[in-house]
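Numbers restart at 1 for each chain; the letters A, B, ... are given by sequence-line order, proteins then strands.
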Amino acid sequence: MASFIQLLVSGLATGAIYALIAVGFTLLWQTSQTINFAQGEFVMLPAFFILAAMNAGAPFWLACLIGIALSIVILGILFKVIIVDPMLKYGVLPLVISTIALSLFLKESAKDFYSSQAQPFPTLVPATDIHIFDAVVSTQSLAVLAVAILTVTALNILLNKTRLGRQMQATAQNPTLARILGIPVQRMVLYTFLLNAVLVAIASILVSPIYLAKFTNGETLGMAAFIAAIIGGFNQVRGAILGGVILGVLDNLSAAYISSQYRGAFPLIVLIAVILLRPQGLLGRIEERTV
Amino acid sequence: MFRSGLFASLIVAGVGMTNPSFAQSTVYIPAILELSGAGAVSGTNFRDGMLLAIDEINAKGGILGRKIETPLLDTQSDAGISRAQVQKVLDNKPFVILGPVFSGSVLVDMLLTQQAEIPEIVGGEAAAITQKGNPYVFRTSFGQQFSMPKIANYMRDGVKAKSVGVLWVNNDFGKGGRDTFIKEMNARDIKVVADISTESGQADFSADVVKLKGANADAIFVYLNEEESARFLREAKKQGLNKPLIGETTLLGQKVIDLAGEAANGVRGHVGLTVDAPIPAVQEFAANFKKRFNYACDHNGIKGYTAVYFIKHVTEKIGKFDSKAFAQAAHGITISPKDEPGILMEATWDNNGDIDRISFLGEVVNGKQKVVETLPKLGK
């Protein structure tokens, strides 16, 4: 039982990080039909912004704020203006290919400008333990979980309880009608890119102490978040959250109780099962399209 | 970071490949290394150690009057790419090839170099590399068949473990080490209570640590590559894993200590090569390395450095650039620092291409590797 609790908490912490990244996937898809295959690299990059700021003398908290600000500018505004806007009019596929190219560019740039070697990254809280029943649970896992839950809660409040959030949702659901109702659609789309940039920066701060800051981190994270978004439902934020959590917990439990050698296969088995039995994802809704 | 030495070598390489008259005054010794991907820490250390030696030798006139020309080719830590790079350099008729470091890549490449009869000085430590009867493969670090008995003795006599957990990386390096280690444990009646494989490049070790905690072994043997070792140590510290963590050079290297921070303190094990060895020549090399590259060298840096001096010494002994004669002369040779200071420690190469020399037992104390015992050459 103690082991199970430890695995669960640790899996929830990892899953919460996947969820943040997956939510970004769904936000971009809903508002602009952008499938961002550079999302993993978007998580890798802020860690290097933060390390660069720390190397320049900034304390960790300030470096994090600088990292988030740079992410908003580079991964939010510049991404939309330079890549998405010019490519979107040619359809989803050219944009997908552009984001794949962007992912390679970001990965190689991080390697060339920083280092090919992994870098240590500070933790949010010191490594201490808390005893829950017989289980020893790390404060770092709890801190990751707490920050992720706070972020998702804040996002939910923004989307569901504020006028701005409702305008963003209206834009996602029907941009033409939203425009007729006087909603500044383009600005709302831009806001979702900014939100995605903040989410990936937070995910980067949470995941880099575990993964270490390395230019290849995006490969694993991007794939995990993409699978999570499909499992939960690509067109639902809550689906992405559920998918991320399922993936994190499943990865830990399967590695511990079934096989660590085949741990990478279990998420894919679930993915296939979801595609076969519920193609819209666990919480997704069916979208009909005409040709 | 911009590295003038690397840049200079690349220019030498580029000029050498396009200018035949220049090529005649050089000897072509390409290096195929893990400069990116999961093995980047190992490959870049090997490269920098190698570059230091090359520049020292070239500054003194080269080998037999010819400067060393070493283009760098990246395997991206992938065995397939490594093989393609070897094929590419074989077309230019190299004298000797340096690298790679990953055992999986070496096992693939060495078939090509054997066919071409070109010696290959590798950084791989898998036991299988030198057990295939290939007369053209040599290494400058211990193979697992030499290091594992030393660790097993330490487990029995130093740690006094009756049971162990084994955590290993599922590649040729890890599988070879795991198989040899378990054989040595069985020979000493030490029970293996957990046998956990992990993936190369794995980032999250939480499930593995939980399993190791549940196994309740007297000690845990960790056999992962450097970055994974650091991630594991961080997770072990996070989850309060309080058993002795014992490993080989890849657990106690300076890069692992830098990445793992406080989590590396207390880790113990056998180190075949270390810059903290109580040998003045090694410490002088370490200081020169740090001064030039601005980071602390690990065992792979020493592998790269001594590999170049090994080539120099054997070549000067045979007096010509003949790859086949080189391979014949290198078997059974003993090189002493008295004759070749760059070799750092007396070393002997056996008929399989394996190296024998002194090694060390180390422990990480306050973020530094500390040598606690020097172990003699196996042949003594």
Side-chain angles (χ1 to χ4, degrees), chain A residues 2-11 13-14 17 107-108 111-123 126-131 135-141 207-217 219-221 224 248 251-257 259-264, chain B residues 1-2 34-45 47 74 76-77 167-168 170 194-199 201-215 225-231 234-242 255-264 295 298:
Chain A
S3 297
F4 180 78
I5 293 172
Q6 283 171 251
L7 286 166
L8 191 65
V9 172
S10 174
T14 311
I17 298 169
K107 195 163 70 172
E108 293 306 313
K111 184 178 84 176
D112 289 341
F113 284 100
Y114 212 93
S115 166
S116 62
Q117 300 194 11
Q119 308 293 321
F121 193 88
T123 52
T128 49
D129 298 329
I130 293 175
H131 291 259
V136 183
V137 176
S138 142
T139 47
Q140 289 179 2
S141 294
V207 84
S208 297
I210 305 166
Y211 278 48
L212 304 172
K214 192 174 179 186
F215 73 101
T216 53
N217 282 355
E219 295 165 7
T220 322
L221 292 168
D251 184 45
N252 258 14
L253 295 182
S254 61
Y257 294 122
S259 164
S260 54
Q261 278 166 298
Y262 292 99
R263 68 188 297 174
Chain B
M1 187 169 48
F2 182 81
E34 291 75 4
L35 301 180
S36 60
V41 174
S42 314
T44 49
N45 262 277
R47 175 196 66 191
D74 184 7
Q76 297 173 32
S77 307
L167 184 76
W168 50 283
N170 194 8
D195 181 13
I196 302 169
S197 81
T198 65
E199 291 308 310
Q202 184 171 317
D204 186 352
F205 285 87
S206 51
D208 308 297
V209 172
V210 169
K211 279 172 91 171
L212 286 170
K213 285 170 84 174
N225 295 119
E226 282 88 347
E227 285 174 11
E228 290 83 348
S229 291
R231 291 184 188 120
R234 283 180 156 225
E235 186 64 34
K237 163 106 175 158
K238 199 170 100 177
Q239 291 197 32
L241 180 63
N242 55 11
K255 185 66 190 175
V256 178
I257 297 170
D258 291 345
L259 290 173
E262 281 184 16
Y295 72 94
D298 76 2

Does E199(B) CD have over 12 foreign heavy atoms under 6.0 Å away?
yes
Picking from A13(A), A118(A), S254(A), which has the most non-hydrogen pairs under 4.5 angstrom with chain B?
A118(A)
D204(B)/R263(A) ion pair, N-O < 4.0 Å:
no
Interface check, chain B: of T123(A), V207(A), T139(A), L212(A), most non-hydrogen pairs under 4.5 Å belong to L212(A)
Please state whether the side chain, the backbone, both or neither of D208(B) comes within less than 4.5 Å of a heavy atom of chain A.
side chain
So for T220(A), is it side chain, backbone, both, or neither that comes closer than 4.5 Å to the heavy atoms of chain B?
neither
With a 4.5 angstrom heavy-atom cut-off, which part of P126(A) approaches chain B: side chain, backbone, both or neither?
neither
Quick one: does any side-chain atom of R234(B) pair with a main-chain N or O of P209(A) as donor and acceptor, under 3.5 Å?
yes
Interatomic spacing from CD in Q119(A) to CG in L259(B) - rounded to 0.5 Å:
7.5 Å
Given the options Q239(B), K255(B), K238(B), E228(B), which has more heavy-atom pairs under 4.5 Å with chain A than any of the others?
K238(B)
A255(A), P120(A), S259(A): which one forms the most heavy-atom pairs within less than 4.5 Å of chain B?
P120(A)
Minimal non-hydrogen separation, S36(B) against K111(A), with atom names:
CB-NZ, 3.6 Å
Taking atom OH as the centre, does Y257(A) end up with more than 12 heavy-atom neighbours from other residues, nucleotides or ligands that are less than 6.0 angstrom away?
yes
Correct closest heavy-atom pair for A207(B) and N252(A) would be CB-O, 3.6 Å
